[in-house]
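One structure is given below, encoded as structure tokens.
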Amino acid sequence: MILKLNPLAGFVRETRRAALGAVVLGLAFLACGGGGSSESNEAPSITSQPVGLSVRSTQTATFSVGAKGKPDPTFLWQKDGVDIPGAVGATLTLSSTNLLDAGSYRVAVKNSLGTVVSDAVNLVVRPTLLFNAPAGMAAGIAGTTYLANSGDHTICTIQPNGVVTVLAGASGEPGHLDATGTSARFRWPTGLTIDGAGSLYVADGNNTIRVVSPAGVVTTLAGSPDLSGSADGTGSAARFGNLLQGLTWDGSGNLLVADTYNHTIRRITPAGVVTTVAGLAGQPGATNGALAAATFNNPSGIAVNAAGTIFVADYGNDAIRAITSGVVSTFAGIAGTTGSADGSATAATFNRPHSIVIDSLGRLFVSDALNNTLRKVETSGTVTTFAGVAGSLGNVDGTATGAKFNRPTSLLLLPGDGLLVSDTTNGQIRQVTSAAVVTALIKTGP
């Protein structure tokens, strides 16, 4: 067999292979920006969305977004659809949050080729403290409310923005210690009132009346810790029963105290001199008449009107009593009769009235604790149910009988004749307008 060979065939094959390789390399070089071409631009896109957060007030909240684009994108964060000045990074940090920071957050990502907006996510801000058996309240300056957070053994401040902080006492640490701020100790503080200089007066479960200065310095005005009794006297020589509740001021700058378990009303001068105004220590009853002979049954709330009449929520008697011109009388309710009937003074009934405040028209507002209602008592003594449903407990905002409470106790009168209510078993402070619209001052749930 004779074969015919082409001496150029191998050369041609190799030449073609080399040329094809050169073309492939050239294309790859061009694709990678070789040959002097510019890098491609890219519209912005979001690679990771911000995530919703739930924090307690004063904690830090941080939102972040992942994004890409060429040129590098810029950022602008918004809260509730409104631009946040200076919030121009991929991360938004809110330090020391308060309840006003709660809302919907999103971020716009932008470069010269366009804009993309992230998902909107929510920030939930809960109060720093949950209330534990909230009790007495007092109004300070600039909208500050003071609270005896009884079950927490502390005195707190509530700011208008909802931030709650401890002014004095240590959370969950009962005791009796005069000191400053969180170094001081209380035990189940209940009644609370404030003087013109901004000092708070506290009915403490240690059988004492304590004073908290505006700077949080705690001292003992009267009584001796853990020593119960009914002795009148000055400062530590005086004795109180095991439960003190309502506090208020008379027209002469003296402090009035509902000495609940002694069944008496006591008076304390600015110098700490304690005397008994009415009632017989250790003798519960419903006797009307002269101060020296009248009796009460676990008095809890106390208030004084412009004429100097002292009104007492006589808790154990289910009645509202009055002290005027040296005589004790029953103003509304039927002593010893429990109920929820509205009507004239002598026909209306209560179920453990706890606290009293007096509005600008001289009307009484009463927290009717075991009826779970707020009652209004006209100057004539006529009683109506202002808010809540008798015999129906709950935690419902609403108007008048559309609202529900769970053992409302202490009351605080607000400007415009609105009220704050310690809704004790619900662990909430409720606000009530003069039109009986009830809402939670602070949402304390999760």
Side-chain angles (χ1 to χ4, degrees), residues 57-58 96 127-129 131-161 163-227 233-240 243-250 252-259 266-274 410 412 420 422 429:
S57 59
T58 73
S96 191
T128 302
L129 299 175
F131 301 126
N132 186 352
M137 296 172 290
I141 61 173
T144 298
T145 299
Y146 296 96
L147 171 70
N149 198 17
S150 186
D152 196 50
H153 313 291
T154 54
I155 306 302
C156 301
T157 61
I158 307 172
Q159 300 300 335
N161 62 8
V163 173
V164 182
T165 56
V166 173
L167 173 65
S171 179
E173 297 186 22
H176 186 282
L177 180 64
D178 287 345
T180 300
T182 55
S183 296
R185 294 291 183 271
F186 297 87
R187 185 186 306 275
W188 294 98
T190 52
L192 198 65
T193 191
I194 192 168
D195 69 11
S199 291
L200 295 170
Y201 290 73
V202 183
D204 194 8
N206 284 306
N207 313 112
T208 54
I209 301 296
R210 316 283 292 281
V211 183
V212 186
S213 77
V217 179
V218 179
T219 56
T220 299
L221 173 66
S224 189
D226 301 322
L227 295 177
T234 301
S236 60
R239 296 288 182 269
F240 297 94
L243 179 64
L244 306 173
Q245 295 200 71
L247 300 178
T248 195
W249 301 99
D250 68 12
S252 302
N254 301 305
L255 186 66
L256 295 176
V257 182
D259 194 352
R266 315 288 291 279
R267 176 181 286 118
I268 308 176
T269 70
V273 178
V274 180
S410 297
L412 175 65
L420 288 184
S422 287
I429 304 300

Rounded distance (nearest 0.5 Å) linking atom [atom1] of [X] with atom [atom2] of [Y]:
X: Asp204; Y: His153; atom1: CG; atom2: NE2; value: 10.0 Å
X: Thr269; Y: Asp250; atom1: OG1; atom2: CG; value: 10.5 Å
X: Phe131; Y: Cys156; atom1: CZ; atom2: SG; value: 7.0 Å
X: Thr182; Y: Ile155; atom1: OG1; atom2: CD1; value: 13.5 Å

Salt bridge (charged side-chain N to carboxylate O under 4.0 Å, His left out) pairs touching residues 180-196, sequence neighbours excluded, are Glu173-Arg185
With heavy-atom distances below 4.5 Å as the criterion, would you say the side chains of [X] and [Y] are in contact?
X: Trp188; Y: Leu243; answer: no
X: Ser199; Y: Pro214; answer: yes
X: Phe186; Y: Val218; answer: yes
X: Leu227; Y: Asn207; answer: no
X: Leu255; Y: Trp249; answer: yes
X: Ile209; Y: Val274; answer: no

Write down the atom of [X], the atom of [Y], and the distance for their closest heavy-atom approach.
X: Ile429; Y: Pro134; value: CD1-CB, 3.8 Å
X: Thr157; Y: Tyr146; value: CG2-CE2, 3.4 Å
X: Ser236; Y: Ser224; value: O-CB, 3.8 Å
X: Pro270; Y: Gly253; value: CG-O, 3.7 Å
X: Asp152; Y: Ser171; value: OD1-OG, 2.7 Å
X: Ala215; Y: Thr180; value: O-CG2, 4.1 Å

Spell out, as yes or no, whether a donor-acceptor pair under 3.5 Å connects the side chain of [X] to the backbone of [Y].
X: Ser150; Y: Pro189; value: yes
X: Asn149; Y: Asn132; value: yes
X: Asp178; Y: Thr220; value: yes
X: Thr190; Y: Leu244; value: yes
X: Thr208; Y: Arg210; value: no
X: Asn206; Y: Gly175; value: yes

Of Leu247, Thr248, Thr193, the one forming a side-chain contact (heavy atoms from CB on, under 4.5 Å) with Leu256 is Thr248
From the list Leu192, Val202, Thr219, side-chain contact (heavy atoms from CB on, under 4.5 Å) partner of Val212 resolves to Val202
